[in-house]
Amino acid sequence: MAAELTSTKLNAENQLLLDQPLLRLPHELARRNFKSVQRIVEREKEYVVPALKEAANASMSGTQTPEQTLAALDAMIYRMQTLKRKMETLQEEEKKIHGQSRRRIQHLEGLHQIPNLADVKYDQWSRIRLDRLVVDHMLRSGYPESAKQLAKEKDIEDLVDLNVFVQCQRVAESLRLGETKDALQWCGENKAALKKSQYNLEFELRLQQYIEMIRTGDKRNFVDAMMHAKRYLTPYIETQSTEIHRAAGLLAFPPDTKADPYRSMYSPDRWTYLSNLFIRTHHELLSLPSRPLLHIALSAGLSALKTPSCHSEFTSSSSNSLSTTTSVCPICSTELNELARNMPYAHHTKSYVESDPIVLPNGRVYGQQRLLEMSKKVGGIEPGTVKDPTTGEVFDEVDMKKVYIM
(Lines give C-alpha, C1' and ligand atoms only; values in the text may rest on other atoms or scores of the structure.)
Protein backbone atom coordinates (compact mmCIF):
# COMPACT_ATOMS: atom_id res chain seq x y z
CA MET A 1 0.00 0.00 0.00
CA ALA A 2 2.86 2.38 0.86
CA ALA A 3 4.55 1.60 -2.46
CA GLU A 4 1.32 2.36 -4.31
CA LEU A 5 0.93 5.73 -2.57
CA THR A 6 4.56 6.59 -3.37
CA SER A 7 4.11 5.76 -7.04
CA THR A 8 1.02 7.97 -7.34
CA LYS A 9 2.35 10.90 -5.29
CA LEU A 10 2.23 14.11 -7.30
CA ASN A 11 5.51 15.94 -7.84
CA ALA A 12 4.30 19.44 -8.63
CA GLU A 13 7.75 20.80 -9.51
CA ASN A 14 8.23 18.23 -12.29
CA GLN A 15 4.74 18.88 -13.59
CA LEU A 16 5.39 22.61 -13.86
CA LEU A 17 8.51 22.27 -16.03
CA LEU A 18 6.27 22.49 -19.09
CA ASP A 19 4.44 25.56 -17.79
CA GLN A 20 7.34 27.98 -17.34
CA PRO A 21 6.23 30.17 -20.32
CA LEU A 22 2.91 30.66 -18.54
CA LEU A 23 4.54 33.16 -16.15
CA ARG A 24 7.51 34.27 -18.25
CA LEU A 25 5.44 36.01 -20.90
CA PRO A 26 3.38 38.24 -18.52
CA HIS A 27 6.61 39.17 -16.76
CA GLU A 28 8.22 40.12 -20.07
CA LEU A 29 5.13 42.09 -21.16
CA ALA A 30 5.06 43.95 -17.83
CA ARG A 31 8.74 44.80 -18.18
CA ARG A 32 8.24 46.13 -21.70
CA ASN A 33 5.20 48.14 -20.57
CA PHE A 34 7.27 49.73 -17.80
CA LYS A 35 10.05 50.55 -20.28
CA SER A 36 7.48 52.24 -22.53
CA VAL A 37 6.24 54.37 -19.64
CA GLN A 38 9.79 55.29 -18.68
CA ARG A 39 10.69 56.22 -22.26
CA ILE A 40 7.61 58.42 -22.78
CA VAL A 41 8.02 60.22 -19.44
CA GLU A 42 11.70 60.91 -20.10
CA ARG A 43 10.92 62.29 -23.56
CA GLU A 44 8.24 64.64 -22.26
CA LYS A 45 10.41 65.68 -19.33
CA GLU A 46 13.22 66.68 -21.70
CA TYR A 47 10.78 68.98 -23.50
CA VAL A 48 8.55 70.38 -20.75
CA VAL A 49 11.11 71.26 -18.07
CA PRO A 50 13.33 73.44 -20.34
CA ALA A 51 10.24 74.95 -22.00
CA LEU A 52 8.78 75.85 -18.60
CA LYS A 53 12.03 77.49 -17.47
CA GLU A 54 12.28 79.38 -20.74
CA ALA A 55 8.70 80.65 -20.47
CA ALA A 56 9.20 81.70 -16.83
CA ASN A 57 12.45 83.52 -17.57
CA ALA A 58 10.96 85.25 -20.62
CA SER A 59 7.92 86.34 -18.64
CA MET A 60 9.99 87.75 -15.79
CA SER A 61 12.43 89.53 -18.09
CA GLY A 62 9.63 90.99 -20.15
CA THR A 63 10.97 89.68 -23.48
CA GLN A 64 7.58 88.23 -24.40
CA THR A 65 3.99 89.39 -23.99
CA PRO A 66 1.53 87.78 -21.56
CA GLU A 67 -0.31 86.33 -24.55
CA GLN A 68 2.86 84.59 -25.72
CA THR A 69 3.48 83.23 -22.25
CA LEU A 70 -0.08 81.88 -22.06
CA ALA A 71 0.30 80.29 -25.51
CA ALA A 72 3.51 78.55 -24.37
CA LEU A 73 1.77 77.32 -21.21
CA ASP A 74 -1.21 76.09 -23.24
CA ALA A 75 1.15 74.11 -25.49
CA MET A 76 2.78 72.51 -22.44
CA ILE A 77 -0.63 71.72 -20.89
CA TYR A 78 -1.71 70.10 -24.15
CA ARG A 79 1.41 67.90 -24.15
CA MET A 80 0.77 66.95 -20.52
CA GLN A 81 -2.82 66.01 -21.34
CA THR A 82 -1.55 63.87 -24.19
CA LEU A 83 0.94 62.27 -21.81
CA LYS A 84 -1.85 61.60 -19.33
CA ARG A 85 -3.92 59.78 -21.97
CA LYS A 86 -0.92 57.64 -22.93
CA MET A 87 -0.26 56.85 -19.28
CA GLU A 88 -3.89 55.83 -18.75
CA THR A 89 -3.69 53.47 -21.72
CA LEU A 90 -0.47 51.93 -20.46
CA GLN A 91 -1.93 51.66 -16.96
CA GLU A 92 -4.91 49.72 -18.27
CA GLU A 93 -2.52 47.43 -20.11
CA GLU A 94 -0.54 46.92 -16.91
CA LYS A 95 -3.70 46.08 -14.95
CA LYS A 96 -4.63 43.53 -17.60
CA ILE A 97 -1.18 41.93 -17.42
CA HIS A 98 -1.35 41.78 -13.62
CA GLY A 99 -4.80 40.19 -13.83
CA GLN A 100 -3.48 37.52 -16.19
CA SER A 101 -0.51 36.87 -13.92
CA ARG A 102 -2.79 36.52 -10.88
CA ARG A 103 -5.03 34.01 -12.69
CA ARG A 104 -2.05 32.01 -13.90
CA ILE A 105 -0.43 31.90 -10.47
CA GLN A 106 -3.71 30.67 -8.97
CA HIS A 107 -3.90 28.00 -11.66
CA LEU A 108 -0.37 26.77 -10.90
CA GLU A 109 -0.90 26.96 -7.13
CA GLY A 110 -3.86 24.63 -7.52
CA LEU A 111 -1.48 21.85 -8.52
CA HIS A 112 0.28 22.04 -5.14
CA GLN A 113 -3.05 21.38 -3.41
CA ILE A 114 -3.49 18.01 -5.16
CA PRO A 115 -2.07 15.13 -3.04
CA ASN A 116 -1.67 12.43 -5.71
CA LEU A 117 -2.20 11.52 -9.35
CA ALA A 118 -5.32 9.49 -8.56
CA ASP A 119 -7.18 12.54 -7.25
CA VAL A 120 -10.04 13.70 -9.48
CA LYS A 121 -8.77 17.28 -9.16
CA TYR A 122 -5.62 16.28 -11.02
CA ASP A 123 -7.74 15.10 -13.94
CA GLN A 124 -9.51 18.47 -13.97
CA TRP A 125 -6.23 20.39 -13.79
CA SER A 126 -4.72 18.27 -16.57
CA ARG A 127 -7.76 18.89 -18.76
CA ILE A 128 -7.25 22.65 -18.40
CA ARG A 129 -3.60 22.26 -19.32
CA LEU A 130 -4.51 20.19 -22.38
CA ASP A 131 -6.95 22.90 -23.48
CA ARG A 132 -4.16 25.47 -23.06
CA LEU A 133 -1.77 23.39 -25.17
CA VAL A 134 -4.36 22.96 -27.91
CA VAL A 135 -5.06 26.71 -27.99
CA ASP A 136 -1.31 27.39 -28.16
CA HIS A 137 -0.99 24.97 -31.08
CA MET A 138 -3.91 26.57 -32.91
CA LEU A 139 -2.44 30.05 -32.50
CA ARG A 140 0.96 28.95 -33.80
CA SER A 141 -0.68 27.14 -36.73
CA GLY A 142 -2.60 30.22 -37.89
CA TYR A 143 -6.11 29.47 -36.58
CA PRO A 144 -6.71 32.44 -34.24
CA GLU A 145 -10.52 32.44 -34.47
CA SER A 146 -10.77 28.76 -33.54
CA ALA A 147 -8.30 29.36 -30.70
CA LYS A 148 -10.35 32.32 -29.40
CA GLN A 149 -13.56 30.31 -29.51
CA LEU A 150 -12.02 27.36 -27.64
CA ALA A 151 -10.43 29.66 -25.03
CA LYS A 152 -13.74 31.44 -24.45
CA GLU A 153 -15.70 28.20 -24.25
CA LYS A 154 -13.27 26.72 -21.71
CA ASP A 155 -12.91 30.03 -19.79
CA ILE A 156 -9.12 30.04 -20.09
CA GLU A 157 -8.64 33.37 -21.91
CA ASP A 158 -6.34 34.63 -19.13
CA LEU A 159 -4.28 31.43 -19.33
CA VAL A 160 -3.41 31.72 -23.03
CA ASP A 161 -1.60 34.39 -25.05
CA LEU A 162 -4.17 35.25 -27.70
CA ASN A 163 -3.21 38.84 -28.49
CA VAL A 164 0.52 38.14 -28.58
CA PHE A 165 0.21 35.36 -31.15
CA VAL A 166 -2.42 37.18 -33.20
CA GLN A 167 -0.12 40.19 -33.56
CA CYS A 168 2.81 37.92 -34.37
CA GLN A 169 0.87 36.09 -37.09
CA ARG A 170 -0.34 39.40 -38.54
CA VAL A 171 3.21 40.66 -39.03
CA ALA A 172 4.42 37.28 -40.28
CA GLU A 173 1.60 37.16 -42.83
CA SER A 174 2.44 40.67 -44.07
CA LEU A 175 6.00 39.50 -44.72
CA ARG A 176 4.76 36.47 -46.64
CA LEU A 177 2.77 38.91 -48.79
CA GLY A 178 5.89 40.98 -49.50
CA GLU A 179 5.42 43.89 -47.06
CA THR A 180 8.11 45.04 -44.62
CA LYS A 181 6.31 48.03 -43.04
CA ASP A 182 4.74 46.22 -40.08
CA ALA A 183 7.88 44.22 -39.33
CA LEU A 184 10.08 47.34 -39.39
CA GLN A 185 7.64 49.14 -37.11
CA TRP A 186 7.89 46.21 -34.68
CA CYS A 187 11.69 46.42 -34.87
CA GLY A 188 11.51 50.13 -34.04
CA GLU A 189 9.37 49.43 -30.98
CA ASN A 190 11.80 46.76 -29.77
CA LYS A 191 15.07 48.33 -30.90
CA ALA A 192 16.82 48.06 -27.52
CA ALA A 193 15.85 44.40 -27.02
CA LEU A 194 16.89 43.46 -30.56
CA LYS A 195 20.49 44.47 -29.82
CA LYS A 196 20.75 41.35 -27.64
CA SER A 197 19.05 39.06 -30.16
CA GLN A 198 20.98 36.31 -31.91
CA TYR A 199 19.05 37.04 -35.12
CA ASN A 200 19.65 39.98 -37.49
CA LEU A 201 16.02 40.65 -38.34
CA GLU A 202 16.25 44.39 -39.00
CA PHE A 203 19.31 43.97 -41.24
CA GLU A 204 17.54 41.28 -43.27
CA LEU A 205 14.48 43.49 -43.68
CA ARG A 206 16.56 46.46 -44.84
CA LEU A 207 18.44 44.15 -47.20
CA GLN A 208 15.13 42.99 -48.68
CA GLN A 209 14.08 46.60 -49.26
CA TYR A 210 17.37 47.12 -51.11
CA ILE A 211 16.77 44.00 -53.21
CA GLU A 212 13.30 45.17 -54.21
CA MET A 213 14.73 48.51 -55.37
CA ILE A 214 17.28 46.71 -57.54
CA ARG A 215 14.67 44.24 -58.84
CA THR A 216 12.83 47.01 -60.74
CA GLY A 217 15.78 47.39 -63.11
CA ASP A 218 15.26 51.15 -63.19
CA LYS A 219 18.64 52.91 -63.10
CA ARG A 220 17.10 55.80 -61.14
CA ASN A 221 16.20 53.38 -58.38
CA PHE A 222 19.82 52.22 -58.26
CA VAL A 223 20.85 55.59 -56.82
CA ASP A 224 18.14 55.33 -54.16
CA ALA A 225 19.24 51.76 -53.46
CA MET A 226 22.84 52.82 -52.90
CA MET A 227 21.74 55.63 -50.56
CA HIS A 228 19.52 53.12 -48.74
CA ALA A 229 22.46 50.71 -48.38
CA LYS A 230 24.73 53.47 -47.08
CA ARG A 231 22.18 54.47 -44.46
CA TYR A 232 20.82 51.10 -43.30
CA LEU A 233 23.31 48.38 -44.32
CA THR A 234 26.76 49.85 -43.76
CA PRO A 235 26.25 50.13 -39.94
CA TYR A 236 26.37 46.30 -39.98
CA ILE A 237 29.65 46.12 -41.93
CA GLU A 238 31.53 44.47 -39.04
CA THR A 239 29.08 41.59 -38.62
CA GLN A 240 27.47 41.28 -42.06
CA SER A 241 30.29 42.19 -44.43
CA THR A 242 29.73 39.16 -46.71
CA GLU A 243 26.04 39.92 -47.19
CA ILE A 244 26.74 43.60 -47.82
CA HIS A 245 29.33 42.78 -50.49
CA ARG A 246 26.86 40.42 -52.15
CA ALA A 247 24.22 43.14 -52.03
CA ALA A 248 26.61 45.44 -53.88
CA GLY A 249 27.08 42.73 -56.49
CA LEU A 250 23.35 42.75 -57.28
CA LEU A 251 23.88 46.01 -59.14
CA ALA A 252 25.63 44.00 -61.86
CA PHE A 253 23.22 41.03 -61.99
CA PRO A 254 19.62 41.14 -63.31
CA PRO A 255 16.76 39.40 -61.46
CA ASP A 256 16.77 36.46 -63.92
CA THR A 257 20.42 35.63 -63.28
CA LYS A 258 21.40 31.99 -62.79
CA ALA A 259 24.50 32.85 -60.79
CA ASP A 260 24.49 32.13 -57.09
CA PRO A 261 24.26 33.64 -54.52
CA TYR A 262 22.50 36.41 -56.46
CA ARG A 263 19.78 34.11 -57.77
CA SER A 264 18.82 33.09 -54.23
CA MET A 265 18.83 36.74 -53.10
CA TYR A 266 16.31 37.57 -55.84
CA SER A 267 14.23 34.47 -55.02
CA PRO A 268 10.64 35.02 -53.78
CA ASP A 269 11.40 32.37 -51.13
CA ARG A 270 13.22 35.06 -49.17
CA TRP A 271 9.85 36.41 -48.05
CA THR A 272 9.05 33.06 -46.43
CA TYR A 273 12.50 33.09 -44.84
CA LEU A 274 11.87 36.60 -43.45
CA SER A 275 8.49 35.56 -42.08
CA ASN A 276 10.00 32.58 -40.25
CA LEU A 277 12.90 34.74 -39.05
CA PHE A 278 10.46 37.25 -37.59
CA ILE A 279 8.58 34.51 -35.72
CA ARG A 280 11.83 33.14 -34.26
CA THR A 281 12.96 36.63 -33.22
CA HIS A 282 9.55 37.47 -31.75
CA HIS A 283 9.48 34.28 -29.69
CA GLU A 284 13.06 34.82 -28.51
CA LEU A 285 12.33 38.34 -27.26
CA LEU A 286 9.22 37.21 -25.36
CA SER A 287 10.82 34.01 -23.97
CA LEU A 288 8.36 31.84 -25.90
CA PRO A 289 9.35 28.28 -26.91
CA SER A 290 10.15 27.92 -30.60
CA ARG A 291 8.09 24.71 -30.76
CA PRO A 292 4.43 24.34 -29.77
CA LEU A 293 4.08 23.21 -26.16
CA LEU A 294 1.80 20.42 -27.37
CA HIS A 295 4.69 18.93 -29.37
CA ILE A 296 6.99 19.16 -26.35
CA ALA A 297 4.44 17.40 -24.15
CA LEU A 298 3.83 14.72 -26.78
CA SER A 299 7.56 14.18 -27.24
CA ALA A 300 8.01 13.57 -23.51
CA GLY A 301 5.12 11.12 -23.45
CA LEU A 302 6.21 9.33 -26.61
CA SER A 303 9.77 8.81 -25.38
CA ALA A 304 8.36 7.24 -22.22
CA LEU A 305 6.47 4.65 -24.30
CA LYS A 306 8.77 4.07 -27.27
CA THR A 307 10.53 0.72 -27.70
CA PRO A 308 12.68 -0.59 -30.60
CA SER A 309 9.75 -2.64 -31.91
CA CYS A 310 7.71 0.53 -32.53
CA HIS A 311 9.90 1.41 -35.52
CA SER A 312 10.93 -2.06 -36.58
CA GLU A 313 11.08 -3.07 -40.24
CA PHE A 314 8.06 -5.28 -39.78
CA THR A 315 4.51 -4.06 -40.34
CA SER A 316 2.63 -2.95 -37.27
CA SER A 317 -0.37 -5.06 -36.29
CA SER A 318 -2.50 -1.91 -36.21
CA SER A 319 -2.23 -1.60 -39.99
CA ASN A 320 -2.36 -5.31 -40.92
CA SER A 321 -5.73 -6.80 -41.84
CA LEU A 322 -4.46 -10.38 -41.22
CA SER A 323 -3.46 -9.60 -37.65
CA THR A 324 -5.28 -11.45 -34.87
CA THR A 325 -4.36 -8.76 -32.34
CA THR A 326 -4.99 -5.06 -32.18
CA SER A 327 -2.20 -2.65 -31.21
CA VAL A 328 -3.14 0.26 -28.98
CA CYS A 329 0.43 1.59 -28.89
CA PRO A 330 0.41 5.36 -29.63
CA ILE A 331 3.92 5.12 -31.12
CA CYS A 332 2.77 2.59 -33.72
CA SER A 333 -0.23 4.69 -34.71
CA THR A 334 -0.11 6.38 -38.10
CA GLU A 335 -0.71 9.78 -36.47
CA LEU A 336 2.28 9.75 -34.11
CA ASN A 337 4.70 7.30 -35.70
CA GLU A 338 6.74 9.91 -37.57
CA LEU A 339 6.74 12.39 -34.67
CA ALA A 340 8.21 9.70 -32.40
CA ARG A 341 10.83 8.48 -34.89
CA ASN A 342 13.62 10.70 -33.52
CA MET A 343 12.64 10.31 -29.88
CA PRO A 344 14.88 8.26 -27.55
CA TYR A 345 13.72 4.86 -26.36
CA ALA A 346 12.11 4.44 -22.97
CA HIS A 347 14.38 3.36 -20.12
CA HIS A 348 13.03 0.17 -18.49
CA THR A 349 14.61 -1.20 -15.32
CA LYS A 350 12.44 -4.30 -15.31
CA SER A 351 12.29 -6.88 -18.11
CA TYR A 352 8.95 -8.09 -19.44
CA VAL A 353 10.42 -10.60 -21.93
CA GLU A 354 8.78 -14.05 -21.99
CA SER A 355 10.64 -16.77 -20.09
CA ASP A 356 10.71 -19.07 -23.16
CA PRO A 357 11.29 -16.77 -26.18
CA ILE A 358 11.56 -18.17 -29.70
CA VAL A 359 12.04 -16.49 -33.07
CA LEU A 360 9.98 -17.31 -36.17
CA PRO A 361 11.46 -17.37 -39.70
CA ASN A 362 10.07 -13.86 -40.30
CA GLY A 363 12.20 -12.50 -37.42
CA ARG A 364 9.39 -11.88 -34.90
CA VAL A 365 9.94 -13.04 -31.31
CA TYR A 366 7.25 -14.58 -29.06
CA GLY A 367 6.96 -16.71 -25.96
CA GLN A 368 6.79 -20.34 -27.15
CA GLN A 369 4.08 -21.58 -24.79
CA ARG A 370 1.79 -18.58 -25.36
CA LEU A 371 2.29 -18.78 -29.13
CA LEU A 372 1.31 -22.48 -29.18
CA GLU A 373 -1.76 -21.82 -27.05
CA MET A 374 -2.85 -18.90 -29.22
CA SER A 375 -2.40 -20.93 -32.41
CA LYS A 376 -4.69 -23.66 -31.03
CA LYS A 377 -7.35 -21.12 -30.04
CA VAL A 378 -7.30 -19.41 -33.43
CA GLY A 379 -7.66 -22.69 -35.31
CA GLY A 380 -7.78 -23.09 -39.06
CA ILE A 381 -4.19 -24.35 -39.28
CA GLU A 382 -2.71 -27.82 -39.64
CA PRO A 383 -1.29 -29.70 -36.62
CA GLY A 384 2.43 -29.06 -36.10
CA THR A 385 2.19 -25.46 -37.32
CA VAL A 386 1.91 -22.11 -35.62
CA LYS A 387 0.37 -18.82 -36.75
CA ASP A 388 2.06 -15.46 -36.28
CA PRO A 389 -0.61 -13.43 -34.42
CA THR A 390 0.70 -10.19 -35.90
CA THR A 391 1.27 -10.94 -39.58
CA GLY A 392 -1.02 -13.96 -39.99
CA GLU A 393 1.77 -16.08 -41.51
CA VAL A 394 1.87 -19.84 -40.78
CA PHE A 395 5.11 -21.73 -40.03
CA ASP A 396 6.09 -25.26 -39.04
CA GLU A 397 6.86 -25.73 -35.36
CA VAL A 398 10.26 -27.16 -36.26
CA ASP A 399 11.20 -23.79 -37.77
CA MET A 400 10.95 -22.06 -34.40
CA LYS A 401 14.36 -21.25 -32.95
CA LYS A 402 15.23 -20.75 -29.31
CA VAL A 403 16.27 -17.19 -28.33
CA TYR A 404 18.81 -16.50 -25.59
CA ILE A 405 18.73 -13.05 -24.00
CA MET A 406 22.24 -11.68 -23.37
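From a predicted model like this one, the values you see are computed outputs, not experimental measurements. Each residue takes its place number in the sequence, starting with 1.
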Measure the shortest side-chain to side-chain distance between [X] and [Y] over non-hydrogen atoms and say whether it is less than 4.5 angstrom.
X    : Y    : result
L201 : C187 : yes
Y266 : L250 : yes
H27  : R24  : no
E243 : R246 : yes
S287 : L25  : no
L194 : W186 : yes
M400 : F395 : no
V48  : M80  : yes

For [X], I'd like to know if atom [atom1] has over 12 heavy atoms of other residues, nucleotides or ligands within 6.0 Å.
X    : atom1 : answer
R102 : CZ    : no
Q149 : CD    : no
M87  : CE    : yes
K196 : NZ    : no
E54  : CD    : no

- Does the ring centre of H283 sit less than 6.0 Å away from the ring centre of F165?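 F165 vs H283: aromatic centres under 6.0 Å.
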Check [X] against [Y] and note the closest heavy-atom contact, atom names and distance.
X    : Y    : result
L159 : L22  : O-CD1, 3.3 Å
Y210 : A247 : OH-O, 2.8 Å
V166 : P144 : CG2-CB, 3.9 Å
W125 : D19  : CH2-OD2, 3.6 Å
D399 : P361 : CB-CG, 3.7 Å
A118 : N116 : N-OD1, 3.0 Å

In terms of side-chain geometry, is the basic nitrogen of [X] or [Y] positioned less than 4.0 Å from the acidic oxygen of its partner?
X    : Y    : result
R132 : D136 : no
R104 : D161 : yes
E28  : R31  : yes
R364 : E393 : no
E44  : R79  : yes
R370 : D356 : no

- Applying side-chain contact (heavy atoms from CB on, under 4.5 Å), run through L207 and Y232 and close with a yes or a no. CA-CA 8 Å; L207 176 60; Y232 295 111; over 6 Å; no
- Apply the test side-chain contact (heavy atoms from CB on, under 4.5 Å) to residues T65 and T69: give CA-CA distance (whole Å), side-chain angles for both, the deciding distance (0.1 Å), then the verdict. CA-CA 6 Å; T65 63; T69 303; over 6 Å; no
- Message: Under a plain distance cut-off of 3.5 Å, with no hydrogens placed, do S241 and Y236 share a side-chain donor-acceptor pair?
- Response: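 No donor-acceptor contact under 3.5 Å links the two side chains.
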- Message: Side chains of R32 and N190 only: does a donor on one sit below 3.5 Å from an acceptor on the other?
- Response: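 Their side chains do contain a donor-acceptor pair, which is all the 3.5 Å distance test asks for.
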Can you measure from [atom1] ([X]) to [atom2] ([Y]) and round to the nearest 0.5 angstrom?
X    : Y    : atom1 : atom2 : answer
R103 : I105 : CZ    : CD1   : 13.0 Å
N200 : R206 : CG    : CZ    : 14.0 Å
Q185 : T180 : CD    : OG1   : 11.5 Å
E94  : T89  : CD    : OG1   : 13.0 Å
R170 : N163 : CZ    : CG    : 11.0 Å
D158 : I97  : CG    : CD1   : 12.0 Å

- Determine which pairs satisfy side chain to side chain donor-acceptor pair (under 3.5 Å) with at least one residue from residues 250-265, sequence neighbours left out, and list them in order.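 Of all non-adjacent pairs touching residues 250-265, those that pass side chain to side chain donor-acceptor pair (under 3.5 Å) are D260-R263.
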- Message: According to side chain to side chain donor-acceptor pair (under 3.5 Å), does anything in residues 270-282 pair up with another residue at least two apart or in another chain? List the pairs.
- Response: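 Every pair satisfying side chain to side chain donor-acceptor pair (under 3.5 Å) with a residue in residues 270-282: R176-S275, E204-R270, Q208-R270.
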- Start with the C-alpha gap between T391 and D388, add the side-chain angles, then the distance that decides, and say whether side-chain contact (heavy atoms from CB on, under 4.5 Å) holds. CA-CA 6 Å; T391 66; D388 188 325; 3.3 Å; yes
- Item | Chi angles and distances behind the salt bridge (charged side-chain N to carboxylate O under 4.0 Å, His left out) call for K148, E157 | CA-CA 8 Å; K148 288 180 182 179; E157 292 171 294; over 6 Å; no
- Residues E202, K191; criterion side-chain contact (heavy atoms from CB on, under 4.5 Å); working and verdict: CA-CA 9 Å; E202 186 172 2; K191 199 171 188 65; 3.5 Å; yes
- Going through the checks in order, is the side chain to side chain donor-acceptor pair (under 3.5 Å) test met by N221 and T216? CA-CA 8 Å; N221 286 342; T216 62; 2.9 Å; yes
- Message: salt bridge (charged side-chain N to carboxylate O under 4.0 Å, His left out) for R85 and E88? Distances and angles first, verdict last.
- Response: CA-CA 5 Å; R85 288 193 295 269; E88 289 173 347; over 6 Å; no
- Query: Is the backbone N or O of M138 less than 3.5 Å from a side-chain atom of S141, with the two atoms forming a donor-acceptor pair by type?
  - Reply: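 Absent.
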